[in-house]
Protein chains: 2
Amino acid sequence: MSDPERRPGRAATERSTRQKRALAAVLDATGGFRSANELFLELRARGQNVGLTTVYNQLRALVELGEVDAVRSDDGETRYRRCETGLHHHHLTCRVCGRTVEIQGPEVEHWADEMAAEHGYVEVSHTLEIVGTCGSCAAGGRRGASRSAG
Amino acid sequence: MSDPERRPGRAATERSTRQKRALAAVLDATGGFRSANELFLELRARGQNVGLTTVYNQLRALVELGEVDAVRSDDGETRYRRCETGLHHHHLTCRVCGRTVEIQGPEVEHWADEMAAEHGYVEVSHTLEIVGTCGSCAAGGRRGASRSAG
DNA sequence: GTAATTGCAAAGGATTTGCTCTGGT
DNA sequence: ACCAGAGCAAATCCTTTGCAATTAC
């Protein structure tokens, strides 16, 4: 009995493998968010054949460990990127170009906890997403018509 | 050939139908976000049998028309709610029994706008969801739900 | 040696599309 | 009548799971 949360066959982070190292390298090399598939492709491009399943498994493990950030994009994909800070933070995303900025708000965290406590809620967690049009996109006169087909 | 954007068989908003009215009614009745399936089930509960496909089609059309807001939740579902043109409130939801409390936070609204402005973002909107375990549920059978991040 | 890990094949779940029938105007 | 709209069935897309083979330690 080691970890009651672990299911057989699913990845954890106990042993160092070629695949884990390769994925970590790609995550390090890319500053922004990437979908699991993009990471998978990038690994191939680097000559590191890592199974898509493994990419997903590792990504999930990393998210649980808080080492990677996961965000759902409008088209249904989950995009990942290495966390810049281990702290809890939120994202400010541009609805046109997708540029994302990590922001922190102690006030918000506090407010959320306070509200929850006030109503007798415990084990609270929250999600806050801010979407807007970034300066460049707003200036470029580009309409927010990035909404094309999926 | 009237609307070049429209594909055959897909819903628009030209004719009034029983289904559209039913969906609109449910959206009106529920202040918060609901998944397509929840709306579908709610319609059934009301004795209004509307196909799930139709719910999806209408929801999509409404989102495109800007009458409904769509947000992706962490578990992969898209949740919808009628757009409110005024100050919106947030929801504090119990992860066990689903009890929901409406809360308002002028500070948060302000903070979000401030953050966005600070980074040069305009036309900002945000979504905030707080999830926890309410008093009753915490007192009763507790679960080791480890939902984090957000 | 042995449990952790990989990754193919297949399953799953949400959402969309093909297509045909229904119904609003 | 005529075409927007409804909705079943099947297809898609992203992600997870079953499980046998592989590999780190």
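The sequence lines fix the lettering, A, B, ..., with proteins before strands; numbering per chain opens at 1.
Counting any heavy atom pair closer than 4.0 Å across all strands shown, A:N49 reaches sugar-phosphate atoms only and no base atom. B:T17 comes within 4.0 angstrom of sugar-phosphate atoms only, judged by non-hydrogen atoms across all strands, and of no base. As judged by a 4.0 angstrom heavy-atom cut-off over every strand, B:T78 is placed among residues touching the sugar-phosphate backbone only. At a threshold of 4.0 angstrom between heavy atoms, the contacts of B:S16 are confined to the sugar-phosphate backbone, with no base atom among them.
Under the 4.0 Å criterion applied to side-chain N and carboxylate O atoms, B:R34 and B:E77 are not assigned as salt-bridge partners. No salt bridge links A:R82 with A:D69; every basic N to acidic carboxylate O contact stays at or beyond 4.0 Å.
Remark: C1' of D:dC13 and CD of A:E38 are 14 Å apart, rounded to the nearest angstrom. Spacing between atom CG of B:L59 and atom C1' of C:dT15 amounts to 11 Å, rounded to whole angstrom units. In this structure, A:R18 places its CZ atom 14 Å from P of D:dC25, rounding to the nearest Å. The CZ atom of B:R60 sits 6 Å away from the C1' atom of C:dT16 (whole-angstrom rounding). Distance A:R72 CZ to D:dC13 P: 17 Å, rounded to the nearest Å. Between the CG atom of A:L43 and the C1' atom of C:dT6 there is a distance of 14 Å, given to the nearest Å. The CG-C1' distance, from B:N57 to C:dC19, rounds to 13 Å in whole Å. Remark: P of D:dT22 and CZ of A:R15 are 16 Å apart, rounded to the nearest angstrom.
Contact check, A:Y56 against D:dT16: no side-chain N or O comes under 4.0 Å of OP1 or OP2. Distances shorter than 4.0 Å separate some side-chain N or O of A:Q19 from OP1 or OP2 on C:dG7. A close approach under 4.0 Å does occur between a side-chain nitrogen or oxygen of B:T54 and OP1 or OP2 of D:dG7. Phosphate contact (OP1/OP2 of C:dT6, side-chain N/O of A:Q58, threshold under 4.0 Å): present.
Surrounding CZ of B:R46 are more than 12 heavy atoms belonging to other residues, nucleotides or ligands, all under 6.0 Å away. Heavy-atom contacts from other residues, nucleotides or ligands closer than 6.0 Å to CZ of A:R18 number more than 12.
Remark: side-chain polar atoms of B:R79 are paired, donor with acceptor, to backbone N or O of B:F33 under 3.5 angstrom.
When distances run from any side-chain atom of B:T53 to the nucleotides D:dC8, C:dT6, C:dT15, the shortest one goes to D:dC8.
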